[in-house]
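Okay, so here's the structure we're looking at.
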Amino acid sequence: MKSSKAYAPGAGIPPESGADSASDHGSTGTSAGYGVGGPLSVDAEWIAPVADGCGMTANPGQSGPDARVRSSDESSALTGQLGLAAPAGLGSSQALDALRDVAEARSWLDAQEAKLVTRILDLQAERIHGGRGTLDFDKALAASEVGAALRLPERTAGSLIEHSTLLTRHYPATLHALEGGRFSRRHAWAVVEEASNLPDVVPAVTVAYESKLIAMAGKTTVAKFSQQAHRLLERLHPESITTRHKKAVQGRLLQLSPAYDGMAWLEAYLPVVQAAGIFHRVDTAARALQGPDEPRTLTQLRADVFTDVLTSAGPNDGDGVQAKVFVTVPVMTLLGGDTPGELEGYGPIDPDAARRLAGHAPSFTRILTHPSTGARLGADATTYRVPKDLQDSVRVRDRTCRHPGCNRLAVFCELDHTIPWASGGKTSYSNLACLCKRHHMFKTEGYWHYQQPEAGTIIAISPAGETYTTRPDPPPEPRAPDPPPF
């Protein structure tokens with residue numbers, strides 16, 4: 001039997017009684033999640049957070065130091081309750097229907113998020129329009145507020161604001177389709193991005209294009225939808241692909257994204273001809289190395305050829321640009337210990353790599369830490385100008401801009417006196433913090449305020465009066481000894 005839909009237009013998410021728990025289904029063991037209290041337990045329904053007028057409560061009676069303190073004394077704007085019958089009591093058809101219901105409910109929530117984010121932007125604009133506010137500045141400041149509230153990187157929050165305002169103000173048909181559960185937020189964002197690529201020269205064509213995109217998006221994956229949309233765009237776009245390509249080239253970039261286990265992703269956004277040329281050149285060289293005595297796979301060979309081409313020392317390397325990257329090394333690791341080092345912008349690295357970088361790599365600045373406490377070395381100053389050793393100590397401590405959610409590396413940030421020098425603030429380890437240019441400007445203009453009650457602990461106060469506390473990551477610690485084998 002089909003389960004009831006989780007979405008009702010105009011009525012929010014209604015209460016769901018769900019199916020009766022099937023207590024006669026045997027448990028397959030707690031390791032599989034079917035035990036009492038497990039995620040697939042048959043002993044109880046799973047109830048979503050309840051909006052009871054005082055905010056969201058995950059379960060009756062839940063409280064404690066981690067419970068969210070509401071910013072407003074007004075009744076919660078979110079109402080209703082959603083429940084899920086015990087998954088162990090569902091058959092295949094019921095489980096698939098429930099899965100679709102959950103997806104529809106999530107889409108409804110995402111649509112409401114878009115409306116709320118747009119409202120927050122509007123309120124932000126109202127606060128600053130009496131000054132020097134512009135649309136871009138409004139969005140930047142709103143992104144700092146939303147990012148801090150949702151614990152999102154500011155760029156991610158900015159993307160959320162951009163897509164939300166487009167959906168709410170310019171593409172209400174797509175927003176309505178999302179709200180009705182016709183597709184996911186990723187689909188909705190893809191529709192908006194595709195629709196935005198068609199200039200609104202003839203409104204009727206734009207509306208028809210959006211309508212076709214909505215119908216296409218609801219039938220396939222985001223990747224396939226994008227391919228279909230690109231083909232449709234080429235038939236309708238008033239500008240040639242040649243003209244558009246010349247503009248797109250201006251956005252080319254190269255970026256590094258840290259991964260786990262001592263690895264990272266190096267990503268480049270390039271014109272397709274150049275990107276394909278680079279790949280095929282690397283691929284050709286990698287294939288030439290293949291043979292019966294070569295143990296590496298083709299994929300590994302490509303990666304190694306790429307690395308060799310870009311990192312091999314050339315005859316003029318000494319005259320080239322040298323990067324400056326901090327590597328934090330515990331003193332005992334330098335002497336042969338097994339405590340991991342820390343590479344700026346990445347995180348823990350193995351002790352051997354830390355020793356190698358600290359001893360022989362001119363592009364890396366070595367920062368030593370105390371062998372017992374792990375404290376990083378630093379010095380205070382009696383002048384406004386921050387001495388070199390203190391700059392390095394603060395940057396290594398902070399690692400990134402200290403605004404909540406900002407991941408701009410500290411080496412590219414400005415050092416800010418938390419208590420201004422003109423107001424009696426000292427040039428000291430406990431009164432300096434890294435702020436990127438944007439957030440430093442927000443502080444200087446009086447929108448965001450910061451406090452540093454103890455060295456490295458930053459309390460950020462948003463334009464809306466919200467407070468966020470961030471603390472620096474702890475220094476590397478020795479690895480715990482292996483447990484006995486019995």
Side-chain angles (χ1 to χ4, degrees), residues 153 155-156 223 245 248-330 333-334 336-369 392 395-396 399-401 407-413 473 476 479:
R155 182 178 295 181
T156 304
H245 173 70
V249 167
Q250 303 304 313
R252 61 192 182 277
L253 59 82
L254 179 73
Q255 62 186 18
L256 180 69
S257 302
Y260 294 101
D261 303 324
M263 304 296 283
W265 292 98
L266 185 63
E267 302 166 288
Y269 177 64
L270 301 170
V272 66
V273 173
Q274 295 176 7
I278 291 171
F279 179 82
H280 288 303
R281 183 174 181 178
V282 169
D283 180 68
T284 300
R287 291 179 185 275
L289 295 174
Q290 286 184 306
D293 298 326
E294 175 56 69
R296 292 173 291 181
T297 66
L298 179 59
T299 299
Q300 292 170 339
L301 285 169
R302 289 191 190 114
D304 292 346
V305 168
F306 182 78
T307 301
D308 290 342
V309 169
L310 293 182
T311 61
S312 296
N316 299 318
D317 273 7
D319 298 328
V321 176
Q322 293 291 330
K324 180 176 181 180
V325 182
F326 293 115
V327 56
T328 303
V329 187
T333 296
L334 198 62
D338 61 357
T339 301
E342 290 272 346
L343 185 62
E344 179 194 37
Y346 176 78
I349 57 175
D350 65 274
D352 287 338
R355 282 188 287 269
R356 185 169 63 254
L357 293 178
H360 304 290
S363 294
F364 291 81
T365 299
R366 182 179 68 187
I367 302 294
L368 297 181
T369 60
D392 289 350
R395 286 195 164 102
V396 169
R399 304 191 185 187
T400 65
C401 170
N407 290 320
R408 181 75 169 173
L409 289 179
V411 71
F412 302 123
C413 292
D473 292 334
R479 182 174 179 176

Next item on the list: Tell me, please, which residues at least two apart from T299 pass side-chain hydrogen bond (donor to acceptor under 3.5 Å, both in side chains).
Entry: none

Next item on the list: Work out which heavy atom in R395 is nearest to a heavy atom in C413; give both atom names and the distance.
Entry: NH2-O, 2.9 Å

Item checked: side-chain hydrogen bond (donor to acceptor under 3.5 Å, both in side chains) against R302, all qualifying residues, sequence neighbours excluded -> D283

Notebook entry, point to check: Is a side-chain N or O of E294 found less than 3.5 angstrom from the main chain of G291, in a donor-acceptor match?
Noted result: no

Notebook entry, point to check: Excluding sequence neighbours, so at least two apart, what forms side chain to side chain contact (heavy atoms under 4.5 Å, CB included) with A268?
Noted result: L254, L270

Next item on the list: Check salt bridge (Lys or Arg N to Asp or Glu O under 4.0 Å) between D304 and all other residues, then give those that pass, not counting sequence neighbours.
Entry: R296

Note to self: Please enumerate all residues that pass side chain to side chain contact (heavy atoms under 4.5 Å, CB included) together with E267, with sequence neighbours excluded.
What the structure shows: Q255, S257, W265

Item checked: Closest approach of L266 to F306 (non-hydrogen atoms, all atoms of both residues) -> CD2-CE2, 3.7 Å

Next item on the list: Evaluate the criterion side-chain contact (heavy atoms from CB on, under 4.5 Å) for residue pair V249 and R252; output intermediate values, then yes/no.
Entry: CA-CA 6 Å; V249 167; R252 61 192 182 277; 3.3 Å; yes

Item checked: Partner residues of Q290 under the side-chain hydrogen bond (donor to acceptor under 3.5 Å, both in side chains) criterion, sequence neighbours left out -> none

